[in-house]
There are 2 protein chains.
Amino acid sequence: MARSPHKKSSAPASGNAVTADLVAVLVAVTDGTPDIMTIAGGSALPSGPFEFTHRSLQTALRAWVEAQTGHPLGYVEQLYTFADRGRSGDAKSPHSVSISYLGLTREDKVGEGFEAHWSGWYDYFPWEDHRAGAPAFIARSIAPKLKAWAKAAPSPTLQRERWQRCAITFGLDDRDWNEELVLQRYELLWEASLIPEAGRAHDREAPIVPGKPMTADHRRILATGIARLRAKIKYRPVVFELMPAEFTLLQLQRSVEALAGRLVHKQNFRRLIEQQELVEETGAMAADTVGRPAKLFRFRHAVLAERAVAGTKLPLSRT
Amino acid sequence: MARSPHKKSSAPASGNAVTADLVAVLVAVTDGTPDIMTIAGGSALPSGPFEFTHRSLQTALRAWVEAQTGHPLGYVEQLYTFADRGRSGDAKSPHSVSISYLGLTREDKVGEGFEAHWSGWYDYFPWEDHRAGAPAFIARSIAPKLKAWAKAAPSPTLQRERWQRCAITFGLDDRDWNEELVLQRYELLWEASLIPEAGRAHDREAPIVPGKPMTADHRRILATGIARLRAKIKYRPVVFELMPAEFTLLQLQRSVEALAGRLVHKQNFRRLIEQQELVEETGAMAADTVGRPAKLFRFRHAVLAERAVAGTKLPLSRT
DNA sequence: ACCATTTATACTCTCCTTGAGCATAAGATG
DNA sequence: CATCTTATGCTCAAGGAGAGTATAAATGGT
């Protein structure tokens, strides 16, 4: 950076030209399955160069997604910006800045003629789904590999620190599982060379953990998006962006659980939703259900005005 | 964005070249005053083009700041990325992408020969300091102007919505003050043309609110940084990045209060800090104090390992 | 020496939230 | 009609948060 006081207009004549790319984590929930939009057979997130014909980054993203899926994006939030030095080894390759976004959409139809389609996000992060308890392969497969990695640290102190980190992020040694640590877990697995994308030559033989890989750092971006969303649903009414116009409280709960990757106490969930007046009855009842029919609710859009900025609560502890 | 699946390397030959700028919100706290680093006589945040000789954006920022102040940056976090279409009207001006960062630093010395210096952040946002209660000019000056703006809306419904928004963000009509809504307040004042930076020609005569303006959108970036920091101190032990090696609990409390812009209950503050084992006694006592001398504490760096990712609590309600 | 003042520090108390469980209602199915 | 399934209402105990009381340890003035 230069010392000169804010002189954007006097742009450097050379060397600093870059391209700007957008990368999108588009989320939808269908029948309790959280999906993300992917291209290239599920091996990449949708991405492309930013066109400066748009007013802003967000506008560009919305326009593109809406053209792609035919549906408006309910909620859009910027995630993170990286700088890439072009492909390694290829000095001619241009520098680029990648700006990633999280987008929530209600429907999961993808326009015809596009190669984009929806993939379940737990295909990429099977260890993140704790709705049926901690997946067995964490204890059976991941934990031992992490232990081996921790043991491989040069000093006993470092070994202990590594293992402590593993135990915290993966909820080992009787610790609680923290569903928000998606990115930390991914980065830990990367460091331990348990992720194919990390594949350094000398680690080719390293044992690998389940989960579908993605191009470049796309799985990391996805992890960032999931982490952000899991944190956000706890204090902002964003879940509703993923719901149909009318829904039962159980459907709402299932969506929250799908995102959080863990179950919540049903009665407490209802208590919180109702006491916050986030929803109102439509008067109708859910059709063709098993068991007692449930009331249908709709999101009270008024709350967006009442406390567009204020909080929401969900029975997911925020420790 | 293009439909092509992830082809960064096949960069567009034209039109998409941009420059990347970094903008920094650097925060330090001295004697209960939160400061930010500014240039150009306090009218701009430090910024400059990103040099691709650095490994990453964060590295570039750190290097630059350390060169500038001679001190390592304790904590760095990305804030937001904007795209600018060059200066309006100047078609030749290059497009640019501005990436803003929040940085915390312990000392507030600025290297010699630089024009950078520290400014109190409440100079720019006087309405954000509620440590001595709500500033009188909010009720006396801001609220009436906001009310006038709300009344100017075309329909009664819109008038009500506008006013509701004002009341929520500024804690009017007996609502609670929410210190995290820094950005929302700034944007509201902007919309109401009460901010010089908003200055549209036809509003030149509009009454203006106290607070020092900044170049371009720098005050908005600063608002983003303050908001982020106010939110962060509630669940991450970042305050310590701003403290000297040893401090009393009151000093720590004053720093938190300086950032949050509001007072906290002393006994409860201590209770929380101690029960979380964030600090440990140094054994020494504070010198030359008024009143009973206080024990000196230091931050327990171990907690960064123990729960690098886990939470912290402060007696600031998160409604 | 004594007192007012200032800050430090230890407890207590009450209300609210949260996590969890029990009980009952209202449908479908055989 | 018994049983299964989901919906929905209610209670209870433990912990946390907000706020107040009481006491201790220093300083400076009279």
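Note that this is a predicted model, so its numbers are computed, not measured. Just so it is clear: chains get the letters A, B, ... in the order the sequence lines come, proteins before strands, and each one is counted from 1.
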Residue [X], side-chain atoms from C-beta onward, closest of [options]:
| X | options | value |
| --- | --- | --- |
| B/Pro293 | D/dA25, D/dA19, D/dA7 | D/dA25 |
| B/Asn268 | C/dT9, D/dA19, D/dT8 | D/dA19 |
| A/Ala294 | C/dA8, D/dA7, D/dG18 | D/dA7 |

5'-most by nearest nucleotide on DNA chain C - B/Arg270 or A/Arg292: B/Arg270
Between [atom2] on [N] and [atom1] on [X], what's the gap in Å once rounded to a whole number?
| X | N | atom1 | atom2 | answer |
| --- | --- | --- | --- | --- |
| B/Gln275 | C/dT9 | CD | C1' | 16 Å |
| B/Phe269 | C/dT9 | CZ | C1' | 14 Å |
| A/Leu272 | D/dC10 | CG | P | 17 Å |
| B/Phe297 | C/dT7 | CZ | C1' | 14 Å |
| B/Leu263 | C/dT7 | CG | P | 13 Å |
| B/Ile273 | D/dA17 | CD1 | P | 12 Å |
| A/Lys234 | C/dT17 | NZ | P | 19 Å |
| B/Gln276 | D/dG16 | CD | C1' | 12 Å |

Under 4.0 Å between a side-chain nitrogen and a carboxylate oxygen: does that hold for [X] and [Y]?
| X | Y | value |
| --- | --- | --- |
| B/Arg262 | B/Glu257 | no |
| B/Glu281 | B/Lys295 | yes |
| B/Glu128 | B/Arg230 | yes |

Base of C/dT12 paired with side chain of B/Gln267 (donor-acceptor, under 3.5 Å): no
Any N or O donor-acceptor pair under 3.5 Å from the base of D/dG18 to the side chain of B/Arg271? yes
Evaluate the ring planes of B/His130 and B/Trp177, with Trp represented by its six-membered ring, and classify them as parallel (under 30°), tilted (30 to 60°) or perpendicular (over 60°). parallel
Just checking A/Leu249: base, sugar-phosphate only, or nothing, at a heavy-atom cut-off of under 4.0 Å? nothing
Describe the nucleic acid contact of B/Lys266 in one word from base, sugar-phosphate, nothing, applying a heavy-atom distance below 4.0 Å. base
For A/Val264 and A/Gln253 the tightest heavy-atom approach is O-NE2, 3.2 Å
Return the 5'-most residue of the pair A/Gly291, A/Met285 with respect to DNA chain D, ranking by each residue's nearest nucleotide. A/Gly291
